[in-house]
*Asks:* 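Before I ask anything, let me first share the structure, which is written out below as structure tokens.
Start at 1 and go down the list; that is how both ligands and their atoms are numbered.
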Amino acid sequence: MSEETHKAETARLDLPEKAVELPVLHGTMGPDVVDIRRLYADGGVFTFDPGFTSTASCESKITFIDGDRGILLYRGYPIEQLAEKSHHLEVAYLLLYGDLPTAAELEDFEERITRHTMVHEQMHYFYRGFRRDAHPMAIMVGVVGAMSAFYQDSTDINDPEQREIASFRMIAKIPTIAAMAYKYSIGQPFIYPRNDLDYASNFLRMCFAVPAEDYEVDPIIARALDRIFLLHADHEQNASTSTVRLAGSSGANPFACIAAGIACLWGPAHGGANEAALNMLREIGTVDRIPEYIRRAKDKSDPFRLMGFGHRVYKNFDPRAKVLKKSADEVLGLLGIENNPTLQVAKELERIALEDDYFIEKKLYPNVDFYSGIILEALGFPTSMFTPIFALSRTVGWIAQWKEMISDPTQKIGRPRQLYTGPTPRDYVDIEYRS
Ligand code: CMC
């Protein structure tokens, strides 16, 4: 815990048997936190917070979110400024090292990343073990976890140099790994990375070029994709990042930790929402069917939810969605595909939901996954690639958070407790006496 978090104030908790004084800590921004680390030792009770809605799980200097005001800062810089002026690899440097790089630092960083873009040739055979119809996320979880078998010389978490190399390897190779998962799923040969291309252009080419015909990267499309990467790069202690930290807290190697993050991201309540949102738009099919789905979303007895709407933290608007909405309009205009039926349903659904009392009252706005899905659809990615692209983008955030955790002297294995409501002790019953 750093010096600046300490505050002389305390909070008093009156328990039936005794009162406990708890220190109140404050950060540079955001609500104060009550430090309950000694609560069990001093008061003999646990706290209960399923879903961690009121729990700060760690101290971090990387990303700040104010959900009520729609603020997202990476190392203090507003996301809107970064989306307009920066690019993914510069933001990656910022997230990893805390400050924007100088021109020389950026050049060196980009060169180091670029030099690691190829994957071990033997990994090609590893891919071939998957069924052709495997979901690319299933392949990503497996391949990233398997990196610890291919790159054993960067798995010692106690060696800062190995941690650095593992970080470069993952940031550099994750586009190659995602593109290979896509190519494998459509039965096309893998396309090797090209080091003269920028991060987003290289990924586009590895996805869409074939040996018989190269793919000319449109800079406007590359810029739109890079913006998606940048906007998804980090999001403080979300479910997948917390998973990475929890996995890492046991001392697991970085490749295994990032694989755990990818697994968590896959769920439809998290990164899987972009795929689920597009599938939902396709299922709705035509604008006249939207009211039926709005009705279902409001019906308590129907588990259906409007995918791509709502957020645990943002209760007014998602600043990333605001940037991507503009980007989506630009991309659709550029590609001249405003008449695509799925995209028409998306636009109309957005309009209706934003005017509907239920969604207004519950503060359910289109989130980042709603618009990223629309853009990725327009760029020609199949829906199954949407979440792998989110994973690719978030890799740098996961790594920055993992590195921060490893070098935090107060870091301990993550080990929550529980409110036990199962049976009290009872004697074993021999099988012939059980009813
Ligand atoms: N459609 C219809 N109703 C909804 C929706 C939705 N998408 N989201 C929340 N609600 C309702 C929900 O039924 C509940 O109503 P009530 O108070 O009457 O019980 C209320 O709004 C609060 O919902 P909650 O589930 O308690 O809220 P949460 O903060 O736990 O969940 C969420 C946040 C993002 C999981 C949820 O809004 C959701 O499932 N959205 C759809 C999936 C999605 O788009 N996820 C991507 C999130 S952004 C990117 C990322 O994190 O990866």
*Asks:* What residue and atom, counting heavy atoms only, is the protein's closest point to atom 50 (C) of ligand 1, and at what distance?
*Replies:*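 Minimum-distance protein heavy atom for atom 50 (C) of ligand 1 reads H270 ND1, 3.4 Å.
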*Asks:* Would you give the length of the straight line joining atom OG of S185 to atom NE2 of H135, rounded to the nearest 0.5 angstrom?
*Replies:*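 Taking OG in S185 and NE2 in H135, the distance rounds to 9.0 Å.
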*Asks:* So which protein heavy atom does atom 47 (C) of ligand 1 come closest to, and at what separation?
*Replies:*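 Of every protein heavy atom, N367 ND2, 3.6 Å lies nearest to atom 47 (C) of ligand 1.
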*Asks:* Strictly less than 4.0 Å: does any protein heavy-atom distance to atom 38 (C) of ligand 1 fall in that range?
*Replies:*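 Neighbour list for atom 38 (C) of ligand 1 includes protein heavy atoms (cut-off 4.0 Å).
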*Asks:* Taking the ring of F255 and the ring of F150, is the distance between their centroids below 6.0 Å?
*Replies:*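 F150 vs F255: aromatic centres not under 6.0 Å.
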*Asks:* Strictly under 6.0 Å, is that where the ring centroids of F309 and F370 end up?
*Replies:*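 Centroid distance F309-F370: below 6.0 Å, so yes.
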*Asks:* Taking the basic N atoms (NZ, or NE/NH1/NH2) and the acidic carboxylate oxygens, is any pair closer than 4.0 Å for R295 and E292?
*Replies:*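 The answer is no: the pair does not qualify as a salt bridge.
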*Asks:* Output yes when D329 and K347 qualify as a salt bridge under the 4.0 Å nitrogen-oxygen rule, no when they do not.
*Replies:*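 Counted as a salt bridge, because a side-chain N and a carboxylate O are separated by less than 4.0 Å.
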*Asks:* Less than 4.0 angstrom from a charged side-chain N to a carboxylate O is my criterion; do E164 and K403 meet it?
*Replies:*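 So E164 pairs with K403 through a salt bridge.
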*Asks:* Closest heavy-atom contact between Q237 and S60?
*Replies:*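 In terms of heavy atoms, the two residues are closest at NE2-CB, 3.9 Å.
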*Asks:* Heavy-atom contacts with G308 under 4.0 Å: which atoms of ligand 1 show up? List them by number with element.
*Replies:*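 The atoms of ligand 1 under 4.0 Å from a heavy atom of G308 are 43 (C), 44 (O).
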*Asks:* Among all protein heavy atoms, pick the one closest to atom 1 (N) of ligand 1 and tell me residue, atom and distance.
*Replies:*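 In this structure, atom 1 (N) of ligand 1 has L306 N, 3.1 Å as its nearest protein heavy atom.
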*Asks:* Within the structure, is a non-hydrogen atom of F370 found at a distance of less than 4.0 Å from ligand 1?
*Replies:*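 The answer is no, since F370 has no heavy atom less than 4.0 Å from ligand 1.
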*Asks:* Just heavy atoms, cut-off under 4.0 Å: does A277 contact ligand 1 by side chain, backbone, both, or neither?
*Replies:*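 No part of A277 is near ligand 1 at this cut-off.
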*Asks:* Distance only, no hydrogens: is a donor on one side chain within 3.5 Å (strictly under) of an acceptor on the other, for S154 and R169?
*Replies:*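 Yes, because at least one side-chain N or O of S154 sits under 3.5 Å from a partner of the opposite role on R169.
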*Asks:* Identify, by atom number and element, the atoms of ligand 1 in contact range of G310, meaning under 4.0 Å from any of its heavy atoms.
*Replies:*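 Answer for ligand 1: 34 (C), 37 (O).
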*Asks:* Just jot down the ligand 1 atoms closer than 4.0 angstrom to any heavy atom of A273, in number order.
*Replies:*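 The atoms of ligand 1 under 4.0 Å from a heavy atom of A273 are 43 (C), 44 (O), 45 (N), 46 (C).
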*Asks:* Within the 4.0 Å heavy-atom shell around G271, which atoms of ligand 1 are there?
*Replies:*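 Counting from 1, the qualifying ligand atoms are 52 (O).
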*Asks:* Any idea which protein heavy atom is nearest atom 48 (S) of ligand 1, and the distance to it?
*Replies:*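 Looking only at protein heavy atoms, the one closest to atom 48 (S) of ligand 1 is H311 CD2, 3.3 Å.
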*Asks:* Would E21 and T10 count as having a side-chain donor-acceptor pair, cut-off 3.5 Å?
*Replies:*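 Their side chains do contain a donor-acceptor pair, which is all the 3.5 Å distance test asks for.
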*Asks:* Using a strict threshold of under 4.0 Å (side-chain N to carboxylate O), is an ion pair present between E330 and R223?
*Replies:*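 Looking at R223 and E330, the cut-off is not met.
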*Asks:* Hey, is A276 one of the residues with a heavy atom under 4.0 angstrom from ligand 1?
*Replies:*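 A276 does not count as a contact of ligand 1 under the 4.0 Å cut-off.
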*Asks:* Would you mind running through ligand 1 and noting each atom that sits below 4.0 Å from a heavy atom of A269?
*Replies:*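 Those of ligand 1 that fall under 4.0 Å from A269 are 45 (N), 46 (C), 47 (C).
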*Asks:* Nearest 0.5 Å please: distance from the CE atom of M206 over to the CD1 atom of I191.
*Replies:*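 These two atoms lie 10.0 Å from each other.
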*Asks:* What atoms of ligand 1 come within less than 4.0 Å of a heavy atom belonging to L364?
*Replies:*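 This gives 3 (N), 4 (C), 5 (C), 8 (N), 9 (C), 10 (N) as the contact atoms.
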*Asks:* Would you kindly specify which portion of Y358 sits under 4.0 Å from ligand 1, judged on non-hydrogen atoms: side chain, backbone, both or neither?
*Replies:*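 For Y358, the contact with ligand 1 is made by the side chain alone.
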*Asks:* For atom 26 (O) of ligand 1, is the nearest protein heavy atom under 4.0 Å away?
*Replies:*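 There is no protein heavy atom less than 4.0 Å from atom 26 (O) of ligand 1.
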*Asks:* Which residue supplies the protein heavy atom nearest to atom 17 (O) of ligand 1, what is that atom called, and how far is it?
*Replies:*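 So the nearest neighbour among protein heavy atoms is K362 NZ, 3.5 Å.
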*Asks:* Verify the contact flag for atom 3 (N) of ligand 1, where contact means a protein heavy atom under 4.0 Å away.
*Replies:*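 Yes, at least one protein heavy atom sits under 4.0 Å from atom 3 (N) of ligand 1.
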*Asks:* Got the closest protein heavy atom to atom 36 (C) of ligand 1, with its distance?
*Replies:*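 Residue, atom and distance for the closest contact: R305 NH1, 3.3 Å.
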*Asks:* Measuring from non-hydrogen atoms of F390 to any atom of ligand 1, is the shortest distance under 4.0 Å?
*Replies:*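 The answer is yes, since F390 has a heavy atom less than 4.0 Å from ligand 1.
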*Asks:* Should the heavy atoms of other residues, nucleotides or ligands under 6.0 Å from OH of Y97 be counted, would the total exceed 12?
*Replies:*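 It does: Y97 OH has more than 12 such atoms within range.
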*Asks:* Using a 4.5 Å cut-off on heavy atoms from C-beta on, say whether the side chain of M147 contacts that of T155.
*Replies:*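 A side-chain contact under 4.5 Å is absent here.
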*Asks:* Checking a contact table here: which protein heavy atom is nearest atom 19 (O) of ligand 1, and how many Å away?
*Replies:*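 Atom 19 (O) of ligand 1 sits closest to the protein heavy atom K300 NZ, 3.2 Å.
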*Asks:* Give the residue and atom name of whichever protein heavy atom lies nearest to atom 49 (C) of ligand 1, and the separation in Å to one decimal.
*Replies:*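 That would be D369 OD2, 3.1 Å.
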